[in-house]
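To start, the structure under review is shown below, and the notes come after it.
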Amino acid sequence: MNNNPYAWIEESLQTIHRADWYRSVKTIHSSPGAKVILSGHEVINFASNDYLGLAADERLKQAAINAIQEHGTGSTGSRLLSGHRELHRELEQMLSSTKQTEDAVVFSSGYLANLGAITAIVGKRDLILSDHYNHSSLKNGAILSGAKVIEYPHCDIAQLTEKLYQQRQNYRRCLIITDSVFSMDGDLCPLPELLDIAEEFSCMLLIDEAHATGVMGKTGAGCAEYFSCTGRELIQIGTLSKALGSLGGYVAGSNALIDFLRNRAPSWIYTTALSPADTAAALAALKIVQQEPERRQQLWQNVNYLKQLIKEHLPHLKLLPTESPILCLQLPDAATALTAAQHLKEAGIFAPAIRPPTVSTSRIRISIMANHERGHIDQLVDALKAMQV
Ligand SMILES: *Cc1c(COP(=O)(O)O)cnc(C)c1O
(Lines give C-alpha, C1' and ligand atoms only; values in the text may rest on other atoms or scores of the structure.)
Protein backbone atom coordinates (compact mmCIF):
# COMPACT_ATOMS: atom_id res chain seq x y z
CA MET A 1 0.00 0.00 0.00
CA ASN A 2 1.88 3.06 -1.18
CA ASN A 3 -1.19 5.11 -2.06
CA ASN A 4 -1.06 8.59 -0.61
CA PRO A 5 -3.94 8.56 1.90
CA TYR A 6 -4.44 12.31 1.38
CA ALA A 7 -4.60 12.25 -2.42
CA TRP A 8 -8.40 12.14 -2.36
CA ILE A 9 -8.49 15.73 -1.08
CA GLU A 10 -7.10 17.16 -4.34
CA GLU A 11 -9.45 14.94 -6.32
CA SER A 12 -12.45 16.10 -4.29
CA LEU A 13 -11.47 19.72 -4.82
CA GLN A 14 -11.37 19.09 -8.57
CA THR A 15 -14.89 17.68 -8.43
CA ILE A 16 -16.07 20.75 -6.49
CA HIS A 17 -14.52 23.02 -9.14
CA ARG A 18 -16.09 21.08 -12.02
CA ALA A 19 -19.57 21.47 -10.50
CA ASP A 20 -19.12 25.25 -10.06
CA TRP A 21 -19.48 24.63 -6.33
CA TYR A 22 -16.05 25.93 -5.40
CA ARG A 23 -16.05 28.77 -2.87
CA SER A 24 -13.42 31.05 -1.43
CA VAL A 25 -13.31 34.05 0.88
CA LYS A 26 -13.69 37.63 -0.31
CA THR A 27 -11.90 40.35 1.64
CA ILE A 28 -13.72 43.46 2.85
CA HIS A 29 -11.34 46.34 3.56
CA SER A 30 -13.65 48.71 5.38
CA SER A 31 -16.02 49.12 8.27
CA PRO A 32 -19.43 47.41 7.95
CA GLY A 33 -22.00 49.58 6.18
CA ALA A 34 -24.15 50.17 3.12
CA LYS A 35 -20.96 50.72 1.12
CA VAL A 36 -17.85 48.63 1.61
CA ILE A 37 -14.52 48.14 -0.12
CA LEU A 38 -14.52 44.66 -1.66
CA SER A 39 -11.21 43.54 -3.20
CA GLY A 40 -10.17 47.16 -3.74
CA HIS A 41 -13.49 48.38 -5.23
CA GLU A 42 -16.25 50.30 -3.55
CA VAL A 43 -19.53 48.37 -3.79
CA ILE A 44 -23.01 48.78 -2.38
CA ASN A 45 -23.39 46.03 0.14
CA PHE A 46 -26.39 43.70 -0.21
CA ALA A 47 -24.60 40.76 1.38
CA SER A 48 -24.66 41.70 5.04
CA ASN A 49 -26.73 40.43 7.97
CA ASP A 50 -26.27 43.75 9.75
CA TYR A 51 -29.96 44.57 9.17
CA LEU A 52 -30.13 47.56 11.50
CA GLY A 53 -26.69 48.94 10.72
CA LEU A 54 -25.45 48.35 14.25
CA ALA A 55 -22.15 46.57 13.59
CA ALA A 56 -20.33 49.88 13.16
CA ASP A 57 -22.44 51.87 15.63
CA GLU A 58 -20.34 54.04 17.95
CA ARG A 59 -22.32 52.94 21.01
CA LEU A 60 -21.61 49.26 20.37
CA LYS A 61 -17.94 50.01 19.77
CA GLN A 62 -17.71 52.04 22.95
CA ALA A 63 -19.48 49.34 24.97
CA ALA A 64 -17.02 46.77 23.65
CA ILE A 65 -14.03 49.00 24.40
CA ASN A 66 -15.27 49.70 27.93
CA ALA A 67 -15.79 45.98 28.53
CA ILE A 68 -12.27 45.24 27.37
CA GLN A 69 -10.87 47.98 29.62
CA GLU A 70 -12.72 46.55 32.57
CA HIS A 71 -12.56 42.80 31.94
CA GLY A 72 -9.78 42.25 29.41
CA THR A 73 -10.07 40.56 26.03
CA GLY A 74 -10.68 36.94 27.00
CA SER A 75 -13.19 35.53 29.43
CA THR A 76 -10.54 32.94 30.47
CA GLY A 77 -12.78 29.97 31.13
CA SER A 78 -16.09 28.28 30.65
CA ARG A 79 -19.17 29.81 32.25
CA LEU A 80 -19.34 27.19 34.97
CA LEU A 81 -15.68 27.62 35.92
CA SER A 82 -13.97 31.03 35.69
CA GLY A 83 -15.67 32.57 32.62
CA HIS A 84 -18.90 33.97 34.01
CA ARG A 85 -19.25 37.77 34.40
CA GLU A 86 -22.12 39.94 35.47
CA LEU A 87 -22.28 41.21 31.87
CA HIS A 88 -23.34 37.75 30.67
CA ARG A 89 -26.21 37.69 33.09
CA GLU A 90 -27.27 41.23 32.15
CA LEU A 91 -27.32 40.22 28.50
CA GLU A 92 -29.34 37.09 29.27
CA GLN A 93 -31.87 39.07 31.27
CA MET A 94 -32.17 41.63 28.49
CA LEU A 95 -32.72 38.81 25.97
CA SER A 96 -35.42 37.14 28.04
CA SER A 97 -37.14 40.45 28.63
CA THR A 98 -37.07 41.21 24.89
CA LYS A 99 -38.37 37.72 24.11
CA GLN A 100 -40.75 37.75 27.07
CA THR A 101 -39.56 34.36 28.20
CA GLU A 102 -38.66 33.34 31.75
CA ASP A 103 -34.96 33.07 31.04
CA ALA A 104 -32.25 32.91 28.39
CA VAL A 105 -28.69 31.63 28.08
CA VAL A 106 -25.99 32.92 25.72
CA PHE A 107 -23.70 30.66 23.69
CA SER A 108 -20.51 31.51 21.78
CA SER A 109 -22.42 31.43 18.48
CA GLY A 110 -25.84 30.70 17.10
CA TYR A 111 -24.47 27.53 15.56
CA LEU A 112 -23.34 26.30 18.98
CA ALA A 113 -26.67 27.29 20.54
CA ASN A 114 -28.47 24.98 18.10
CA LEU A 115 -26.02 22.12 18.55
CA GLY A 116 -26.17 22.50 22.32
CA ALA A 117 -29.93 22.81 22.69
CA ILE A 118 -30.88 19.99 20.33
CA THR A 119 -28.35 17.49 21.65
CA ALA A 120 -29.39 18.29 25.22
CA ILE A 121 -33.12 17.80 24.82
CA VAL A 122 -33.41 14.75 22.56
CA GLY A 123 -31.53 11.49 22.19
CA LYS A 124 -31.67 7.96 20.79
CA ARG A 125 -35.22 7.20 21.86
CA ASP A 126 -36.61 10.39 20.37
CA LEU A 127 -37.86 11.78 17.08
CA ILE A 128 -36.96 15.02 15.28
CA LEU A 129 -39.10 16.47 12.50
CA SER A 130 -37.01 18.94 10.51
CA ASP A 131 -37.95 21.34 7.71
CA HIS A 132 -36.08 20.42 4.54
CA TYR A 133 -34.76 24.01 4.19
CA ASN A 134 -33.39 24.27 7.73
CA HIS A 135 -30.05 25.87 8.47
CA SER A 136 -26.99 23.66 8.71
CA SER A 137 -26.76 24.16 12.49
CA LEU A 138 -30.24 22.68 13.01
CA LYS A 139 -29.54 19.78 10.67
CA ASN A 140 -26.21 18.95 12.26
CA GLY A 141 -27.62 19.39 15.76
CA ALA A 142 -30.28 16.85 14.84
CA ILE A 143 -27.73 14.34 13.54
CA LEU A 144 -25.47 14.84 16.56
CA SER A 145 -28.36 14.24 18.98
CA GLY A 146 -28.69 10.61 17.87
CA ALA A 147 -32.47 10.99 17.53
CA LYS A 148 -34.34 9.60 14.53
CA VAL A 149 -34.49 12.51 12.06
CA ILE A 150 -37.28 12.84 9.51
CA GLU A 151 -37.32 15.80 7.13
CA TYR A 152 -40.61 17.22 5.96
CA PRO A 153 -41.03 19.23 2.75
CA HIS A 154 -40.47 22.96 3.21
CA CYS A 155 -43.27 24.49 5.37
CA ASP A 156 -45.59 21.63 4.45
CA ILE A 157 -47.96 21.26 7.41
CA ALA A 158 -49.98 18.45 5.78
CA GLN A 159 -46.87 16.33 5.27
CA LEU A 160 -45.64 17.10 8.76
CA THR A 161 -48.98 16.00 10.21
CA GLU A 162 -48.91 12.83 8.12
CA LYS A 163 -45.44 11.91 9.38
CA LEU A 164 -46.47 12.56 12.98
CA TYR A 165 -49.50 10.29 12.58
CA GLN A 166 -47.26 7.54 11.27
CA GLN A 167 -44.30 7.92 13.61
CA ARG A 168 -45.04 9.85 16.79
CA GLN A 169 -46.17 6.87 18.88
CA ASN A 170 -42.91 4.98 18.23
CA TYR A 171 -40.80 7.50 20.11
CA ARG A 172 -40.45 8.93 23.59
CA ARG A 173 -40.00 12.67 23.02
CA CYS A 174 -40.55 14.50 19.77
CA LEU A 175 -39.02 17.80 18.65
CA ILE A 176 -40.00 19.87 15.63
CA ILE A 177 -37.18 22.15 14.44
CA THR A 178 -37.39 25.01 11.96
CA ASP A 179 -35.87 28.31 10.93
CA SER A 180 -38.38 31.08 11.62
CA VAL A 181 -37.02 33.27 8.81
CA PHE A 182 -35.44 30.85 6.32
CA SER A 183 -31.91 32.14 5.90
CA MET A 184 -31.36 31.40 2.22
CA ASP A 185 -34.96 32.01 1.03
CA GLY A 186 -36.38 34.76 3.23
CA ASP A 187 -39.80 33.20 3.78
CA LEU A 188 -41.27 32.40 7.21
CA CYS A 189 -42.27 29.18 8.94
CA PRO A 190 -46.03 28.88 9.62
CA LEU A 191 -45.53 29.36 13.35
CA PRO A 192 -49.14 29.34 14.64
CA GLU A 193 -49.89 26.12 12.75
CA LEU A 194 -46.66 24.54 13.97
CA LEU A 195 -47.53 25.42 17.57
CA ASP A 196 -50.96 23.83 17.18
CA ILE A 197 -49.53 20.66 15.69
CA ALA A 198 -46.85 20.47 18.35
CA GLU A 199 -49.57 20.66 20.97
CA GLU A 200 -51.79 18.09 19.26
CA PHE A 201 -48.99 15.52 18.99
CA SER A 202 -47.26 16.39 22.26
CA CYS A 203 -44.09 17.63 20.58
CA MET A 204 -41.62 20.29 21.58
CA LEU A 205 -41.08 23.06 19.02
CA LEU A 206 -37.75 24.78 18.47
CA ILE A 207 -37.49 27.81 16.20
CA ASP A 208 -34.31 29.45 14.99
CA GLU A 209 -34.80 33.22 15.02
CA ALA A 210 -31.31 34.04 13.68
CA HIS A 211 -32.57 36.35 10.92
CA ALA A 212 -35.66 37.43 12.88
CA THR A 213 -34.06 38.81 16.04
CA GLY A 214 -34.16 42.61 15.97
CA VAL A 215 -35.96 42.47 12.63
CA MET A 216 -39.37 40.78 12.89
CA GLY A 217 -42.19 41.86 15.16
CA LYS A 218 -43.17 45.25 16.51
CA THR A 219 -40.35 45.42 19.06
CA GLY A 220 -37.90 43.28 17.09
CA ALA A 221 -38.48 40.25 19.32
CA GLY A 222 -38.69 37.96 16.30
CA CYS A 223 -41.28 35.83 14.52
CA ALA A 224 -42.84 34.72 17.79
CA GLU A 225 -43.89 38.34 18.23
CA TYR A 226 -44.66 38.85 14.52
CA PHE A 227 -47.16 35.96 14.65
CA SER A 228 -48.57 37.06 18.04
CA CYS A 229 -47.32 33.84 19.63
CA THR A 230 -45.43 35.54 22.44
CA GLY A 231 -45.83 33.60 25.66
CA ARG A 232 -46.68 30.23 24.08
CA GLU A 233 -44.40 27.42 25.19
CA LEU A 234 -41.58 27.28 22.69
CA ILE A 235 -37.80 26.95 22.47
CA GLN A 236 -36.35 30.03 20.77
CA ILE A 237 -32.82 30.11 19.43
CA GLY A 238 -31.16 33.16 17.97
CA THR A 239 -27.93 34.86 17.21
CA LEU A 240 -26.19 38.00 18.44
CA SER A 241 -24.26 38.11 15.17
CA LYS A 242 -26.79 39.44 12.70
CA ALA A 243 -29.08 42.40 13.48
CA LEU A 244 -27.36 42.72 16.88
CA GLY A 245 -24.01 43.41 15.22
CA SER A 246 -21.93 41.31 17.64
CA LEU A 247 -21.03 37.63 17.96
CA GLY A 248 -22.74 34.87 19.90
CA GLY A 249 -26.01 32.97 20.15
CA TYR A 250 -28.79 32.41 22.64
CA VAL A 251 -31.59 30.14 23.72
CA ALA A 252 -34.69 31.70 25.31
CA GLY A 253 -37.43 29.74 27.04
CA SER A 254 -38.75 28.57 30.39
CA ASN A 255 -36.70 28.64 33.60
CA ALA A 256 -36.60 24.86 33.63
CA LEU A 257 -35.38 24.62 30.04
CA ILE A 258 -32.59 27.16 30.52
CA ASP A 259 -31.51 25.63 33.83
CA PHE A 260 -31.45 22.22 32.17
CA LEU A 261 -29.32 23.53 29.27
CA ARG A 262 -26.81 25.01 31.71
CA ASN A 263 -26.41 21.48 33.04
CA ARG A 264 -26.66 19.44 29.86
CA ALA A 265 -25.68 21.43 26.75
CA PRO A 266 -22.11 20.36 25.94
CA SER A 267 -21.45 23.27 23.54
CA TRP A 268 -22.17 25.63 26.45
CA ILE A 269 -20.53 23.72 29.30
CA TYR A 270 -17.28 22.80 27.55
CA THR A 271 -16.44 25.99 25.72
CA THR A 272 -15.08 29.36 26.78
CA ALA A 273 -17.62 31.99 27.80
CA LEU A 274 -18.54 34.70 25.31
CA SER A 275 -15.88 37.43 25.29
CA PRO A 276 -16.52 40.59 27.34
CA ALA A 277 -16.43 42.75 24.19
CA ASP A 278 -18.98 40.64 22.28
CA THR A 279 -21.23 40.44 25.32
CA ALA A 280 -21.20 44.19 25.94
CA ALA A 281 -21.74 45.01 22.24
CA ALA A 282 -24.77 42.70 22.06
CA LEU A 283 -26.20 44.24 25.21
CA ALA A 284 -25.80 47.74 23.77
CA ALA A 285 -27.46 46.55 20.54
CA LEU A 286 -30.49 45.14 22.35
CA LYS A 287 -31.00 48.48 24.07
CA ILE A 288 -30.92 50.25 20.70
CA VAL A 289 -33.35 47.70 19.23
CA GLN A 290 -35.74 48.68 22.02
CA GLN A 291 -35.16 52.42 21.97
CA GLU A 292 -34.95 53.09 18.23
CA PRO A 293 -37.87 51.40 16.46
CA GLU A 294 -37.28 53.87 13.59
CA ARG A 295 -34.40 51.65 12.46
CA ARG A 296 -36.80 48.78 11.90
CA GLN A 297 -39.27 51.09 10.19
CA GLN A 298 -36.55 52.28 7.80
CA LEU A 299 -35.56 48.67 7.12
CA TRP A 300 -39.11 47.73 6.14
CA GLN A 301 -39.54 50.84 4.02
CA ASN A 302 -36.41 49.82 2.13
CA VAL A 303 -37.65 46.25 1.71
CA ASN A 304 -41.00 47.43 0.37
CA TYR A 305 -39.33 49.93 -1.95
CA LEU A 306 -37.16 47.22 -3.51
CA LYS A 307 -40.07 44.78 -3.83
CA GLN A 308 -42.08 47.45 -5.64
CA LEU A 309 -39.22 48.22 -8.04
CA ILE A 310 -38.70 44.54 -8.80
CA LYS A 311 -42.38 44.16 -9.60
CA GLU A 312 -42.39 47.22 -11.86
CA HIS A 313 -39.06 46.96 -13.61
CA LEU A 314 -37.91 43.35 -13.43
CA PRO A 315 -40.93 41.20 -14.23
CA HIS A 316 -38.69 38.67 -16.03
CA LEU A 317 -36.82 37.81 -12.84
CA LYS A 318 -38.24 35.22 -10.46
CA LEU A 319 -38.39 36.62 -6.91
CA LEU A 320 -38.78 33.76 -4.43
CA PRO A 321 -41.59 34.18 -1.87
CA THR A 322 -40.32 36.34 1.00
CA GLU A 323 -41.64 38.17 4.05
CA SER A 324 -38.28 39.29 5.39
CA PRO A 325 -35.41 41.60 4.35
CA ILE A 326 -33.93 38.63 2.43
CA LEU A 327 -34.89 38.71 -1.27
CA CYS A 328 -33.76 35.96 -3.63
CA LEU A 329 -33.81 36.00 -7.41
CA GLN A 330 -33.88 32.47 -8.75
CA LEU A 331 -31.53 31.52 -11.59
CA PRO A 332 -31.38 28.36 -13.67
CA ASP A 333 -28.02 26.99 -12.51
CA ALA A 334 -24.86 27.63 -10.52
CA ALA A 335 -22.85 28.89 -13.50
CA THR A 336 -25.54 31.50 -14.37
CA ALA A 337 -25.71 32.60 -10.75
CA LEU A 338 -21.94 33.08 -10.65
CA THR A 339 -21.99 35.09 -13.89
CA ALA A 340 -24.82 37.23 -12.54
CA ALA A 341 -22.97 37.91 -9.28
CA GLN A 342 -19.84 38.83 -11.25
CA HIS A 343 -21.83 41.19 -13.47
CA LEU A 344 -23.37 42.85 -10.40
CA LYS A 345 -19.97 43.23 -8.80
CA GLU A 346 -18.65 44.97 -11.90
CA ALA A 347 -21.65 47.31 -11.66
CA GLY A 348 -20.68 48.13 -8.07
CA ILE A 349 -23.21 45.83 -6.38
CA PHE A 350 -22.27 43.17 -3.83
CA ALA A 351 -25.00 40.52 -3.89
CA PRO A 352 -23.69 36.97 -3.73
CA ALA A 353 -24.62 33.89 -5.72
CA ILE A 354 -25.95 31.18 -3.42
CA ARG A 355 -25.57 27.73 -4.93
CA PRO A 356 -25.78 24.05 -4.10
CA PRO A 357 -24.97 22.47 -1.76
CA THR A 358 -26.16 25.39 0.41
CA VAL A 359 -29.50 25.43 -1.44
CA SER A 360 -31.01 23.14 -4.06
CA THR A 361 -31.58 25.89 -6.65
CA SER A 362 -29.11 28.67 -7.47
CA ARG A 363 -29.94 32.29 -6.84
CA ILE A 364 -28.75 35.83 -6.20
CA ARG A 365 -29.42 36.66 -2.58
CA ILE A 366 -30.06 40.27 -1.60
CA SER A 367 -30.26 41.40 2.00
CA ILE A 368 -31.61 44.81 2.79
CA MET A 369 -30.45 46.99 5.66
CA ALA A 370 -31.92 50.01 7.44
CA ASN A 371 -28.88 52.04 6.43
CA HIS A 372 -29.38 51.54 2.68
CA GLU A 373 -30.46 54.73 0.95
CA ARG A 374 -32.99 54.86 -1.88
CA GLY A 375 -30.19 55.66 -4.30
CA HIS A 376 -28.41 52.43 -3.33
CA ILE A 377 -31.52 50.41 -4.07
CA ASP A 378 -32.05 52.26 -7.37
CA GLN A 379 -28.51 51.34 -8.38
CA LEU A 380 -29.17 47.71 -7.53
CA VAL A 381 -32.27 47.68 -9.71
CA ASP A 382 -30.40 49.35 -12.60
CA ALA A 383 -27.70 46.71 -12.38
CA LEU A 384 -30.27 43.92 -12.30
CA LYS A 385 -31.98 45.43 -15.35
CA ALA A 386 -28.74 45.39 -17.28
CA MET A 387 -28.01 41.81 -16.28
CA GLN A 388 -28.37 39.33 -19.15
CA VAL A 389 -29.82 36.12 -17.73
C1 LIG B 1 -26.51 32.54 10.81
C2 LIG B 1 -27.41 31.47 11.28
C3 LIG B 1 -27.04 30.66 12.35
C4 LIG B 1 -25.69 30.72 12.97
O5 LIG B 1 -25.54 31.82 13.80
P6 LIG B 1 -24.06 32.27 14.17
O7 LIG B 1 -24.24 33.13 15.36
O8 LIG B 1 -23.54 33.00 12.98
O9 LIG B 1 -23.28 31.02 14.45
C10 LIG B 1 -27.95 29.73 12.81
N11 LIG B 1 -29.15 29.59 12.23
C12 LIG B 1 -29.53 30.34 11.18
C13 LIG B 1 -30.87 30.15 10.58
C14 LIG B 1 -28.66 31.29 10.66
O15 LIG B 1 -29.01 32.02 9.61
Side-chain angles (χ1 to χ4, degrees), residues 25 32 47-52 54-55 60 88 91-92 95 99 104-119 128 130-145 151 154-155 175-189 191 194 205-216 222-224 226 234-252 265-268 271-275 277-279 281-283 285-286 320 322-328 352 354 357-359 363 365-369:
V25 298
S48 171
N49 298 319
D50 185 21
Y51 296 109
L52 302 175
L54 293 178
L60 271 72
H88 293 121
L91 175 58
E92 288 168 346
L95 280 164
K99 282 281 183 185
V105 58
V106 293
F107 285 71
S108 301
S109 75
Y111 207 112
L112 288 170
N114 274 327
L115 295 189
I118 297 170
T119 54
I128 291 178
S130 173
D131 188 291
H132 178 53
Y133 282 17
N134 275 344
H135 188 261
S136 159
S137 54
L138 289 171
K139 293 192 177 198
N140 280 328
I143 293 168
L144 198 58
S145 75
E151 285 201 340
H154 181 48
C155 290
L175 174 68
I176 302 170
I177 56 178
T178 183
D179 286 18
S180 66
V181 172
F182 284 87
S183 58
M184 292 299 135
D185 297 82
D187 57 344
L188 311 182
C189 75
L191 183 58
L194 287 171
L205 174 61
L206 180 155
I207 62 171
D208 180 345
E209 299 258 53
H211 289 272
T213 306
V215 171
M216 303 299 296
C223 282
Y226 174 86
L234 182 62
I235 301 166
Q236 302 181 55
I237 312 275
T239 181
L240 311 176
S241 332
K242 287 171 179 149
L244 301 182
S246 180
L247 178 66
Y250 67 84
V251 183
S267 66
W268 186 80
T271 198
T272 301
L274 201 59
S275 81
D278 291 322
T279 310
L283 186 57
L286 273 174
L320 297 178
T322 172
E323 287 151 280
S324 72
I326 301 165
L327 280 73
C328 292
I354 306 290
T358 306
V359 289
R363 66 204 59 185
R365 179 177 180 277
I366 298 160
S367 43
I368 295 294
M369 300 188 289

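Both counts, for ligands and for their atoms, begin at 1 and track the order of listing.
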_Check the orientation of His211 and Tyr51. Use parallel for under 30°, tilted for 30 to 60°, and perpendicular for over 60°._
perpendicular
*State the atoms of ligand 1, each with its element, that fall below the 4.0 Å cut-off from a heavy-atom position in Ala210.*
2 (C), 11 (N), 12 (C), 13 (C), 14 (C), 15 (O)
*Starting from atom 11 (N) of ligand 1, find the nearest protein heavy-atom neighbour and note its residue, name and distance.*
Asp208 OD2, 2.5 Å
*Please write down residue, atom name and distance for the protein heavy atom closest to atom 8 (O) of ligand 1.*
Ser241 OG, 4.0 Å
*asked:* Which residue and atom name correspond to the protein heavy atom nearest atom 7 (O) of ligand 1, and how close is it?
replied: Thr239 OG1, 2.6 Å
*asked:* Going by salt bridge (Lys or Arg N to Asp or Glu O under 4.0 Å), name the residues that satisfy it together with Arg365, two or more places apart in sequence or in a different chain.
replied: none
*Report yes if some heavy atom in the side chain of Leu274 is under 4.5 Å from a heavy atom in the side chain of Leu240; otherwise report no.*
yes
*Provide, to 0.1 Å, the distance between atom 14 (C) of ligand 1 and the closest protein heavy atom, together with that atom's residue and name.*
Lys242 NZ, 2.8 Å
_Which residues pass the salt bridge (Lys or Arg N to Asp or Glu O under 4.0 Å) test with Glu323, not counting sequence neighbours?_
none
*Please check if the side chain of Asp50 supplies one atom and the backbone of Gly245 the other of a donor-acceptor pair under 3.5 Å.*
no
*asked:* Please list, in number order, the atoms of ligand 1 under 4.0 Å from a heavy atom of Gly248.
replied: 7 (O)
*So which protein heavy atom does atom 5 (O) of ligand 1 come closest to, and at what separation?*
Gly110 CA, 3.5 Å
*asked:* Using a 4.0 Å cut-off to any heavy atom of Asp179, which atoms of ligand 1 qualify?
replied: 13 (C)
*asked:* Looking only at protein heavy atoms, which one is nearest to atom 9 (O) of ligand 1, and what is the separation?
replied: Tyr111 N, 3.0 Å
*Just by modelled atom types, is the His132 backbone N or O under 3.5 Å from a matching donor or acceptor in the Lys139 side chain?*
yes
*With heavy atoms of Ser137 as the reference, note each atom of ligand 1 found under 4.0 Å away.*
10 (C), 11 (N)
*Out of Leu206, Ile177, Asn140, which residue meets the side chain to side chain contact (heavy atoms under 4.5 Å, CB included) rule with Asn114?*
Leu206
